[in-house]
Amino acid sequence: MTSRWTTAVLDTDVTGGWAVARSPEGFLFDDNGALFPREWLKRQDLSLLAEHGIGHLDGEPVYLLELQAAGEVPGCGWKGLRGFMLEGDHTLYKVLGYAAQIGTWAREHRFCGNCGQAMVQVPRERAMYCQPCDLRSYPRISPSMIVLITRGDEILLARSPRFVSGVYSTLAGFAEPGESAEDCLIREVREEVQIEVRNIQYLGSQCWPFPHSMMLGFHAEYAAGEIVPQADEIEDAQWFNIHALPPLPASRSIARYLIDVYVARRLGHAEPVLPG
Ligand SMILES: NC(=O)C1=CN([C@@H]2O[C@H](COP(=O)(O)OP(=O)(O)OC[C@H]3O[C@@H](n4cnc5c(N)ncnc54)[C@H](O)[C@@H]3O)[C@@H](O)[C@H]2O)C=CC1
Ligand SMILES: [Mg+2]
Ligand SMILES: [Zn+2]
């Protein structure tokens, strides 16, 4: 299957193509979605901070207009990336997820972290460059482990105070320098619920552009200990029987995939496919 969307570093001096506009309030959208004819969009009253050529959709070039602030565009509104993930077409969500990560990274790397001078976009490469320091900054990706812990027909799910009310999910956490993926997983599970796991198995990965996580998904079996939820981070954690599960995360998330795979295997059903 050929992908409809491929990333690329496009020359912003070339005119034409499609564009998406992003402000601190999300992406501009209208009844047709979030892609607009680029030259039309640039004629609107927008507070342009930077422009990036980000790839091709169905062979057509796509650009990102990164804005200082959300302005008024007749007939249009602003919507956060999560809204597109939950409701929108998956390919459009992939385009916007990539655009959001490039926009955030470029915005946060306008100045050199070493000497403080303005950095410039490198032509044909996704990098910001400081000439005096000869320093390149590339888009930031933060590896995060996510794990479904199981004990026969039971699975361990937890709630963060940040979750939508009622929803329980798998445990997750960011890798720290010096750790392997497995070290991180074992540490996060100890920190968040104080239990020990065994038979750690990698299942798959997913880009999570909120704002720049790379989720590495695992299954692990319970080995020892009693659940003690981490103060402030974990509001509640419990063993749930696979026949009596609480409200679960969105179906496009890897958290949901890890749960659905396990349940499918226990029940002998067909396994789901991990959304990219
Ligand atoms: N796609 C999915 O299904 C799911 C994705 N996630 C994502 O996994 C990631 C990690 O999960 P959390 O439980 O929030 O992490 P966590 O358990 O490591 O705790 C979050 C804390 O880590 C620190 N932190 C923030 N950004 C960091 C970074 N880049 N590197 C190191 N430490 C950082 C902060 O102190 C933050 O409060 C988040 O981006 C979250 O949105 C979490 C659950 C499901
Ligand atoms: Mg966590
Ligand atoms: Zn510098």
Side-chain angles (χ1 to χ4, degrees), residues 80-82 84-86 90 93-94 97 100-101 104-105 108-122 127-137 139-149 155-164 167-179 181 183-195 197 203-220 227-237 246-262 272-276:
L81 185 59
R82 266 177 204 274
F84 288 95
M85 179 197 64
L86 295 171
H90 190 65
Y93 163 64
K94 294 294 289 178
Q101 294 197 74
T104 300
W105 157 76
E108 293 175 354
H109 290 81
R110 283 177 287 162
F111 301 96
C112 175
N114 195 42
C115 75
Q117 291 201 40
M119 297 183 98
V120 293
Q121 285 186 45
V122 179
M128 297 291 279
Y129 183 63
C130 174
Q131 197 166 30
C133 300
D134 190 25
L135 181 77
R136 279 177 158 72
S137 290
R140 176 150 63 128
I141 299 172
S142 304
S144 308
M145 304 315 125
I146 182 159
V147 57
L148 178 71
I149 303 165
I155 67 177
L156 196 161
L157 300 176
R159 267 192 62 72
S160 145
R162 299 183 293 273
F163 287 2
V164 174
V167 170
Y168 281 74
S169 186
T170 49
L171 301 179
F174 291 102
E176 291 179 0
E179 287 183 328
D183 291 340
C184 170
L185 188 159
I186 290 166
R187 173 184 54 75
E188 283 289 341
V189 171
R190 281 183 186 150
E191 282 176 8
E192 296 193 348
V193 291
Q194 288 190 26
I195 71 162
V197 294
L203 284 188
S205 67
Q206 181 183 57
C207 161
W208 191 244
F210 303 101
H212 38 63
S213 295
M214 154 70 112
M215 308 304 302
L216 304 178
F218 295 85
H219 171 245
I227 295 173
V228 181
Q230 182 181 20
D232 303 327
E233 282 290 315
I234 304 290
E235 193 174 87
D236 185 35
L248 298 174
S251 58
R252 280 181 184 171
S253 66
I254 190 169
R256 180 61 173 270
Y257 168 78
L258 297 175
I259 297 166
D260 288 351
V261 165
Y262 188 72
V273 175
L274 176 59

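Whatever order the structure lists ligands and atoms in, that order sets their numbers, starting from 1. On a predicted model such as this, the values are computed, not experimentally measured, just so you know.
- Listed here is the closest heavy atom pair of Met145 and Phe218: SD-CE1, 3.8 Å.
- Atom 2 (C) of ligand 1 has its nearest heavy-atom neighbour, among Ile259, Ile254, Leu258, in Ile254.
- With a 4.0 Å heavy-atom cut-off, ligand 1 is reached by no atom of Met85.
- Proximity of Gln206 to ligand 1, defined as any heavy-atom pair under 4.0 Å, is confined to the side chain (atoms from C-beta onward).
- Ligand-side atoms of ligand 1 in range of Arg162: 14 (O), range being under 4.0 angstrom from any heavy atom.
- Here the CD atom belonging to Glu191 is positioned 8.5 Å from the SG atom belonging to Cys184, to the nearest 0.5 angstrom.
- Proximity of Glu191 to ligand 1, defined as any heavy-atom pair under 4.0 Å, is not found for any part of the residue.
- Just one residue in the list Ile149, Leu148, Leu248, Val147 forms a side chain to side chain contact (heavy atoms under 4.5 Å, CB included) with Thr170, and that residue is Leu148.
- Protein heavy atoms are found less than 4.0 angstrom from atom 24 (N) of ligand 1.
- Judged by distance alone, the side chain of Gln206 and the main-chain N or O of Ile254 form a donor-acceptor pair under 3.5 Å.
- With a 4.0 Å cut-off on non-hydrogen atoms, Ser142 touches ligand 1 through its side chain and not its backbone.
- Across all their heavy atoms, Met215 and Ile146 have their closest contact at CE-CB, 3.8 Å.
- Taking each heavy atom of Phe84 and Tyr93 in turn, the nearest pair found is O-CB, 4.1 Å.
- Among protein heavy atoms, atom 19 (O) of ligand 1 sits closest to Glu233 OE1, 3.7 Å.
- For the atom pair His109 NE2 and Met119 CE, the distance stands at 7.0 Å (nearest 0.5 Å).
- The ligand atoms of ligand 1 that sit less than 4.0 angstrom from a heavy atom of Ser213 are 9 (C), 38 (C), 39 (O).
- Contacts between Glu188 and ligand 1 below 4.0 angstrom, taking non-hydrogen atoms only, involve the side chain exclusively.
- In this structure, Met85 and Ala250 approach most closely via the heavy-atom pair CE-CB, 4.3 Å.
- Compare Phe163, Phe174, Tyr257 by their heavy atoms: the one nearest to atom 38 (C) of ligand 1 is in Phe174.
- Within a radius of less than 2.8 Å around the Zn ion (ligand 3), the protein N, O or S atoms are Cys112 SG, Cys115 SG, Cys130 SG, Cys133 SG.
- The minimum heavy-atom distance between Ser213 and Phe174, with the atom names listed, is OG-CE2, 3.4 Å.
- Counting only heavy atoms, the protein never gets under 4.0 Å from atom 36 (C) of ligand 1.
- Close approach to Glu192 involves these atoms of ligand 1, each under 4.0 Å from a residue heavy atom: 17 (O).
- Contacts between Ala172 and ligand 1, counted as non-hydrogen atom pairs separated by less than 4.0 Å, involve both the backbone and the side chain.
- Contact record, Ala172 with Glu192: O-OE2, 3.1 Å, taken as the closest heavy-atom pair.
- Under the 4.0 angstrom criterion, atom 9 (C) of ligand 1 counts as having a protein heavy-atom contact.
- With a heavy-atom cut-off of 4.0 Å, Ile146 touches ligand 1 through its side chain alone.
- Here the protein heavy atom with the shortest distance to atom 6 (N) of ligand 1 is Met215 CE, 3.6 Å.
- Note that the CZ atom of Arg187 and the CZ atom of Arg190 stand 10.5 Å from one another [nearest 0.5 Å].
- Counting only protein N, O or S atoms, 2 lie closer than 2.8 Å to the Mg ion (ligand 2).
- In terms of protein heavy atoms, atom 41 (O) of ligand 1 is closest to Trp208 NE1, 3.2 Å.
- Looking at ligand 1, you won't find any N or O of Arg256 less than 3.5 Å from one of its N or O atoms.
- Considering backbone and side-chain N/O of Arg140, none are found under 3.5 Å from N/O of ligand 1.
- In this structure, Arg140 contributes its side chain and Gln101 its backbone to no donor-acceptor pair below 3.5 Å.
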